[in-house]
Amino acid sequence: MIDIKLIRENPQKYQDACKAKKFDIDIYRLLELDQQLRFNNEHLQDLLTIKNRVGKSIPTLSGNELQAALSELSLTKKEETTLQQQIKELKPEFDALILQVAQPTDDDVPVGKDDTENVEIRREGKVRQFDFEPKDHVQLGTSLDIIDIERGVKLAGTRNYILKGDGAMLHWAVLRFAVDFMVGRGYVPMSVPLLMKDETMTGTGFFPGSEDQTYRMEADQLNLAGTAEVPLTAYRMDEILKTDELPLKFFAMSSCFRREAGSAGKDTYGLYRIHQFDKVEQVVICENSVEESNKFHEEILANSEGVMAALGLPYRVVMVCTGDLGRGQAKKYDIEAWMPSRKNYCETHSASKFYEFQARRMNLRYKDPAAKKNLFCHTLNNTVIASPRVLIPLLELYQNADGSVTIPKVLQPYMGKEKITPRL
RNA sequence: GGAGCAGUGGCUGAGCGGCUGAAAGCGACGGUCUUGAAAACCGUUUUACCCAUUGGGUAACGGGGGUUCGAAUCCCUCCUGCUCCGCCA
C-alpha cells in the first residue's frame with residue numbers, strides 16, 4: 001500500500017507507476033474520494049467536539065438549560081448520523097482503490113511489457129555440451145523409475161506428479177541442503193502454517209489480485225499459501241518491533257499451492273509448472289531505509305546464487321522489467337537455470353524488494369529512535385530453492401550416457417550414494 | 001462440536017455509565033548520586049489521525065453492531081484464549 005500523502009503530493013507518479021506495471025487504476029478518482037472523506041471527517045470531528053463538550057455539562061444542568069442542551073445534542077446527532085452515513089459509503093471504495101495502487105519501481109528497472117523484455121545481467125556457470133543424445137527429465141524420471149506423472153495425475157488431476165524412491169530422496173536432498181545452507185547464513189528456520197487468513201493474503205499483497213491463483217478453503221475462509229513468503233513476511237504483522245530486533249532474517253521450507261489459472265496449455269510438459277511443490281523461501285524484514293533494502297536485496301540474491309553454485313547449476317541473473325513486476329515490487333531479480341530440454345534459461349528463483357509496500361498493508365512497524373516515531377519496516381524475499389522445478393536442470397545436466405544420473409557432491413551426504421542408476 | 005470463564009497500555013493488573021486514554025506494580029528510557037556499576041531518589045513512557053506558530057481537537061480498553069445526551073463499563077453478535085465434556089490424527 002502506498003501512503004496517501006505521497007499520492008496527494010505527486011499523483012501522476014503513481015498513475016504512471018500503475019500504467020508501467022499494467023494495472024488500470026484511476027488515481028484521480030482515489031484523490032477525489034480522499035478529498036471528500038477528509039472533508040467529512042473534519043466536519044465530523046468538529047461535531048464530536050461540540051457533542052463532547054455539551055454532553056459533559058449535562059450533569060451540572062437542570063430545568064430549561066438541560067432541555068436546551070438536550071435539544072442541541074439531538075440536532076448534532078442528526079447531523080452526525082448523516083455524515084457517518086456518507087463516510088460509510090465512500091470509505092470502502094477508497095480502501096479498495098488504495099490497495100491497488102502500484103509501488104513505483106526503482107529508476108534502474110528496465111521498462112518493458114512482459115517477461116520477454118527482462119534484461120540479462122550476467123551468466124554464471126558453464127552450460128554442458130553433450131556428446132550423446134541427452135534425455136529430458138521426464139524420460140530420465142521414467143526410465144529411472146523416480147518420477148510418476150501419470151499416476152500423480154490419476155490421483156490429483158492435471159499438473160500433479162509423484163516422486164518415488166531416489167526421486168523423492170533427491171527432492172528432499174535439495175531442500176535439506178538448502179535448509180542447512182541458510183542456517184549457515186544465519187537465517188532463522190521457521191515451520192509455519194500454510195492456511196492463511198484473508199488479512200494475511202492482503203497484507204502481503206496477494207489479495208486483491210491473485211485470488212484466481214489461490215486455492216481457497218471456503219468452509220473455513222482460509223487460503224492455501226502459494227509460498228512461505230506469506231506466513232514469514234506476515235509473522236510479526238500488526239506489531240511494533242524494537243529497533244534492535246532488526247533485521248529479521250527468516251527462512252521456511254513449505255509446500256506451495258498454486259492454481260495456475262490462466263496458464264492452461266502453457267508449460268504442460270513435465271515438472272515445470274505444477275500445482276504443488278516444495279520450496280525453501282527466505283524473507284528479510286529490515287528498517288525503513290533504501291540503502292538497507294538494497295543491501296539485503298543483494299544479500300538474498302547472493303544466498304540463492306550460493307545454492308546454485310554449490311549445486312553446480314549454470315544460471316543467469318535477469319532484472320525483471322516493469323511489465324513483469326508485481327504490484328508491490330520495486331525491483332526484482334530472477335535467477336534462471338539452464339534447462340537443456342527447454343533449451344533456455346528458465347526461472348527458478350525470484351528475489352523481490354518491496355520497500356514498505358507490504359509492511360504498510362500489514363501494519364508492521366518498528367520504533368525508530370532517530371526519527372522518534374514508528375516507521376514501517378521494509379520487506380524482501382527470495383527463493384532459496386524450489387523443487388521439483390530445480391530437478392529439471394539437475395537431472396538433465398547430471399545425466400550420463402548410460403542413463404544414470406550423477407548426484408552433485410553437496411547432495412551425496414543426503415542421498416547416501418553418488419549415482420542414481422536404472423533398475424535392471 | 002457442547003458447557004463455563006475470560007479478553008484493558010511493553011507485561012501484570014485495577015476500573016464496571018460522565019471526575020478514566022485509563023490506578024498501581026513491573027519493565028524500558030532519561031537524570032541525580034557513583035571512579036564505574038548496583039541500590040536509592042526524580043522524571044518520561046499507547047497509537048493513529050485532523051487543524052494550528054506555542055497549542056488545540058478526534059478516535060481507539062479483542063472486532064463489529066446496539067442502548068444512552070454520554071459506554072472500557074449495559075445489551076447483541078463474531079473472533080481469540082483458558083477450563084471441563086465429547087470426538088479424533
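So that the names make sense, note that chain A is the first sequence line, chain B the second, and so on, each numbered from 1. Every value quoted in this text rests on a predicted model; they were computed, and no experiment measured them.
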Peer 1: Verify the contact: side-chain N or O of A:K373 to OP1 or OP2 of B:U47, cut-off strictly under 4.0 Å; return yes or no.
Peer 2: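 The answer is no; no side-chain N or O of A:K373 sits under 4.0 Å from OP1 or OP2.
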Peer 1: Tell me the interatomic distance from A:L48, atom CG, to B:G56, atom C1', rounded to whole angstroms.
Peer 2: 15 Å
Peer 1: Which atoms form the tightest heavy-atom contact between A:Q84 and A:L44, and what is the distance?
Peer 2: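 So the minimum-distance heavy-atom pair works out to NE2-CD2, 4.1 Å.
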Peer 1: Looking only at side-chain atoms of A:K51, point me to the closest of B:U47, B:G70, B:G57.
Peer 2: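 For A:K51, the side-chain atoms sit closest to B:G70.
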Peer 1: Name the pairing partner of B:G55, where a pair is Watson-Crick or G-U wobble with both distances under 3.5 Å, or state none.
Peer 2: B:C51
Peer 1: Rounding to a whole Å, what distance do you find between A:L83:CG and B:U58:C1'?
Peer 2: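 About 14 Å, once rounded to whole Å.
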Peer 1: Please check the phosphate of B:U58 (OP1 and OP2 only) for any side-chain N or O of A:N52 closer than 4.0 Å.
Peer 2: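 Yes, within the criterion.
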Peer 1: Give the nucleotide from the list B:C49, B:C69, B:U47 with an atom nearest to the side chain of A:R365.
Peer 2: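 The answer is B:U47.
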Peer 1: Go ahead and name the base partner of B:U46; Watson-Crick or wobble counts if both distances stay under 3.5 Å, otherwise write none.
Peer 2: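 Partner of B:U46: B:A60.
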Peer 1: Pairing check on B:A14: which nucleotide meets the Watson-Crick or G-U wobble criteria with it, both distances under 3.5 Å?
Peer 2: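 Across any shown strand, B:A14 pairs with none.
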Peer 1: Check whether the side chains of A:K353 and A:N381 place a donor and an acceptor atom closer than 3.5 Å, and report yes or no.
Peer 2: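 Their side chains do not contain a donor-acceptor pair, so the 3.5 Å distance test is not met.
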Peer 1: Identify, between A:L70 and A:K242, the residue whose nearest nucleotide on RNA chain B lies closer to the 5' end.
Peer 2: A:K242
Peer 1: Please give, in whole Å, the distance from B:G66 C1' to A:K88 NZ?
Peer 2: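 Between C1' of B:G66 and NZ of A:K88: 11 Å.
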Peer 1: Any donor-acceptor pair under 3.5 Å joining the side chain of A:E42 to the base of B:C50?
Peer 2: no
